[in-house]
A.B. asks: 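Take this structure, written in structure tokens, and hold onto it; I'll ask about it next.
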Amino acid sequence: MKVAIYPGTFDPITYGHLDIIDRATRLFDRIIVTVARNPAKQPLFSVDERVFMIRQCVDELEAASRIEVESFEGLIVDYARSKKAVAIIRGLRAVSDFEYEFQMALVNRQLSEGIATVFLMPHEHYTYLNSSIVREVALFGGDVSNFVPPLVASLLKKKFQQKNQN
Ligand code: ADP
């Protein structure tokens with residue numbers, strides 16, 4: 001049974017992330033999507049909100065029963081080892097992703113030789129997409145329905161309404 005983890009910030013999850021998860025389910029038996037708890041970052045959505053959104057969204061995928069959603073703090077390779085994962089999944093959109101991802105993958109390999117980083121390319125429709133652009137469009141009331149599932153779009157709207165009231 002081959003387990004892979006897919007770590008990220010997912011603030012919030014987009015169709016690009018879901019495309020990568022879907023592709024990963026065709027290569028591995030079990031996928032653990034895991035939200036990184038990073039005390040240095042100030043995300044828009046709490047960890048619990050992000051985990052909730054991911055769970056709801058992956059439920060729509062064909063392989064939903066083989067996908068788990070969690071959160072973690074600390075070194076990704078330690079987390080991967082604790083889950084007996086053989087791979088860390090990362091998405092590669094453009095050359096701009098490459099340098100950082102290459103560095104991370106090599107550091108993680110130094111830390112744990114047995115865990116491979118596997119890069120997957122999303123459908124070309126999603127190569128321009130990232131969470132921060134989605135947050136920005138939503139902040140100014142733009143339509144994000146091509147970028148995120150309906151549940152995420154409505155929670156983004158709610159979040160910015162709340163923020164504007166404060
Ligand atoms: P970061 O790690 O920069 O905070 P995220 O947490 O949002 O980015 O993303 C987690 C992983 O998903 C990263 O490997 C990232 O490259 C990938 N990813 C993000 N958006 C997309 C997309 N639109 N298509 C494919 N991969 C993506």
Side-chain angles (χ1 to χ4, degrees), residues 3-28 30-58 60-61 63 67-80 83 85-109 111-112 115-139 142-153 155-156 159:
V3 180
I5 58 168
Y6 180 36
T9 312
F10 306 107
D11 189 32
I13 187 161
T14 69
Y15 281 132
H17 294 124
L18 285 164
D19 178 286
I20 296 293
I21 296 168
D22 188 42
R23 284 171 205 280
T25 61
R26 292 180 229 158
L27 300 174
F28 295 93
R30 219 173 106 219
I31 305 294
I32 306 173
V33 183
T34 185
V35 175
R37 292 178 181 268
N38 184 347
K41 277 195 181 173
Q42 289 237 304
L44 177 66
F45 289 102
S46 70
V47 170
D48 289 347
E49 288 171 324
R50 282 176 276 158
V51 166
F52 169 77
M53 283 187 278
I54 301 170
R55 278 216 179 102
Q56 299 294 315
C57 296
V58 299
E60 307 287 314
L61 298 178
I67 307 168
E68 282 157 50
V69 186
E70 295 187 351
S71 65
F72 83 104
E73 188 170 343
L75 277 181
I76 189 69
V77 286
D78 290 341
Y79 177 80
K83 295 291 166 186
V86 294
I88 297 168
I89 305 289
R90 297 291 287 174
L92 267 191
R93 285 158 288 190
V95 179
S96 51
D97 280 341
F98 182 79
E99 205 163 335
Y100 173 71
E101 293 293 342
F102 186 68
Q103 184 185 23
M104 285 275 293
L106 289 182
V107 168
N108 284 336
R109 194 160 71 188
L111 294 173
S112 184
I115 300 167
T117 301
V118 174
F119 294 106
L120 296 175
M121 273 181 288
H123 191 283
E124 55 270 26
H125 287 167
Y126 305 127
T127 50
Y128 63 89
L129 195 55
N130 65 30
S131 300
S132 68
I133 208 87
V134 169
R135 291 196 302 273
E136 208 161 311
V137 172
L139 169 66
D143 178 10
V144 291
S145 60
N146 284 333
F147 312 142
V148 296
L151 169 83
V152 178
L155 291 177
L156 271 165
K159 181 67 86 178

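Read the numbers this way: they start at 1 and go in the same order the structure lists the ligands and their atoms. As the structure is a computational prediction, the values presented were derived from the model and not from experiment. We count residues from 1, following the sequence as given.
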A.B. asks: What do you reckon, is CZ of Phe102 surrounded by more than 12 foreign heavy atoms closer than 6.0 Å?
C.D. replies: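 No, because the 6.0 Å sphere around CZ of Phe102 holds 12 heavy atoms or fewer from other groups.
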A.B. asks: Does atom CZ of Arg90 have more than 12 heavy-atom neighbours, drawn from other residues, nucleotides or ligands, at distances under 6.0 Å?
C.D. replies: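 It does: Arg90 CZ has more than 12 such atoms within range.
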A.B. asks: Among Gly91, Ser132, Gly16, whose heavy atom sits nearest atom 16 (O) of ligand 1?
C.D. replies: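 Going through Gly91, Ser132, Gly16 one by one, Gly91 has the nearest heavy atom to atom 16 (O) of ligand 1.
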A.B. asks: In terms of residue, atom name and distance, what is the protein heavy atom nearest to atom 12 (O) of ligand 1?
C.D. replies: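 Ranking protein heavy atoms by distance from atom 12 (O) of ligand 1, first comes Tyr6 OH, 2.6 Å.
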A.B. asks: So, Ser145 and Asp143: side-chain donor and acceptor under 3.5 Å apart, yes or no?
C.D. replies: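 A pair is found: one side chain offers a donor N or O, the other an acceptor, under 3.5 Å apart.
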A.B. asks: Do Asn130 and Ser132 pair up side chain to side chain, a donor and an acceptor below 3.5 Å, judged on atom types alone?
C.D. replies: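 Result is yes, a qualifying pair exists.
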A.B. asks: For Val51, which of Val35, Val33, Thr34, Ile13 qualifies under side-chain contact (heavy atoms from CB on, under 4.5 Å)?
C.D. replies: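 Testing Val51 for a side-chain contact (heavy atoms from CB on, under 4.5 Å) against Val35, Val33, Thr34, Ile13 leaves exactly one candidate, Val35.
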A.B. asks: Within less than 4.0 angstrom of ligand 1, does Tyr100 place any heavy atom?
C.D. replies: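 No heavy atom of Tyr100 comes that close to ligand 1.
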A.B. asks: Using modelled atom types and a 3.5 Å cut-off, is there a donor and acceptor pairing between side-chain atoms of Arg135 and backbone atoms of Asp11?
C.D. replies: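 Yes, the answer is positive, given that a donor and an acceptor are paired below the 3.5 Å cut-off.
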A.B. asks: Please list, in number order, the atoms of ligand 1 under 4.0 Å from a heavy atom of Pro7.
C.D. replies: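 Listed by number with element: 10 (C).
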A.B. asks: To the nearest 0.1 Å, how far is atom 6 (O) of ligand 1 from its closest protein heavy atom, and which atom is that?
C.D. replies: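 That would be Thr9 N, 2.4 Å.
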A.B. asks: Yes or no: does Ala36 have any heavy atom under 4.0 Å from an atom of ligand 1?
C.D. replies: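 For ligand 1, residue contact (heavy atoms, under 4.0 Å) with Ala36 is absent.
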A.B. asks: Taking the six-membered ring for Trp, are Phe10 and Tyr6 parallel (under 30°), tilted (30 to 60°) or perpendicular (over 60°)?
C.D. replies: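 Rings of Phe10 and Tyr6: perpendicular, over 60°.
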A.B. asks: Is Tyr128 touching ligand 1 with its side chain, its backbone, both, or neither, if touching means heavy atoms under 4.0 Å apart?
C.D. replies: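 No part of Tyr128 is near ligand 1 at this cut-off.
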A.B. asks: So for Lys41, does at least one of its heavy atoms come nearer than 4.0 angstrom to any atom of ligand 1?
C.D. replies: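 Contact check Lys41 vs ligand 1: positive.
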A.B. asks: Check each heavy atom of Ile20 against ligand 1 and say whether those closer than 4.0 Å belong to the side chain, the backbone, both or neither.
C.D. replies: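 Within the 4.0 Å criterion, Ile20 contacts ligand 1 through side-chain atoms alone.
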A.B. asks: Look at atom 19 (C) of ligand 1 and say which protein heavy atom is nearest, naming residue and atom and giving the distance to 0.1 Å.
C.D. replies: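 Answer, as residue, atom name and distance: His17 NE2, 3.3 Å.
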A.B. asks: Is there side-chain contact between Phe45 and Leu156, with heavy atoms separated by less than 4.5 Å?
C.D. replies: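 Heavy-atom side-chain distance check passes, below 4.5 Å.
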A.B. asks: Any atoms of ligand 1 less than 4.0 Å from a non-hydrogen atom of Pro122? List them with their elements.
C.D. replies: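 Those qualifying, in numeric order: 24 (N), 25 (C).
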A.B. asks: Give a yes-or-no answer on whether the side chains of Ser71 and Arg37 include a donor-acceptor pair shorter than 3.5 Å.
C.D. replies: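 Short answer, yes.
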A.B. asks: Would you mind reporting whether Lys159 and Pro12 have side-chain heavy atoms less than 4.5 Å apart?
C.D. replies: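 Pro12 vs Lys159: side chains apart.
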A.B. asks: Might you check, step by step, whether the distance between atom 3 (O) of ligand 1 and some protein heavy atom is under 4.0 Å?
C.D. replies: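 Given the 4.0 Å cut-off, atom 3 (O) of ligand 1 does not count as touching protein heavy atoms.
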A.B. asks: Is the closest N or O pair between Thr14 and ligand 1 shorter than 3.5 Å?
C.D. replies: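 No - when backbone and side-chain N and O of Thr14 are compared with those of ligand 1, no distance drops under 3.5 Å.
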A.B. asks: As a check for students: among Arg90, Met121, His123, Arg93, identify the option with a heavy atom nearest to atom 21 (C) of ligand 1.
C.D. replies: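 The residue whose heavy atom sits nearest atom 21 (C) of ligand 1 is Arg93.
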A.B. asks: Quiz question: by atom type and distance under 3.5 Å, do the side chains of Tyr79 and Glu73 form a donor-acceptor pair?
C.D. replies: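 Per modelled atom types, Tyr79 and Glu73 side chains form no pair under 3.5 Å.
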A.B. asks: Please list, in number order, the atoms of ligand 1 under 4.0 Å from a heavy atom of Leu129.
C.D. replies: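 What qualifies from ligand 1 is 20 (N), 21 (C), 22 (C), 23 (N).
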A.B. asks: Give a yes or no on whether atom 8 (O) of ligand 1 lies under 4.0 Å from any heavy atom of the protein.
C.D. replies: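 Answer no: nothing from the protein, no heavy atom, is under 4.0 Å.
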A.B. asks: What I want to know is whether Gly8 and ligand 1 share at least one N or O pair that is separated by under 3.5 angstrom.
C.D. replies: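 Checking ligand 1 against Gly8, no N or O pair falls under 3.5 Å apart.
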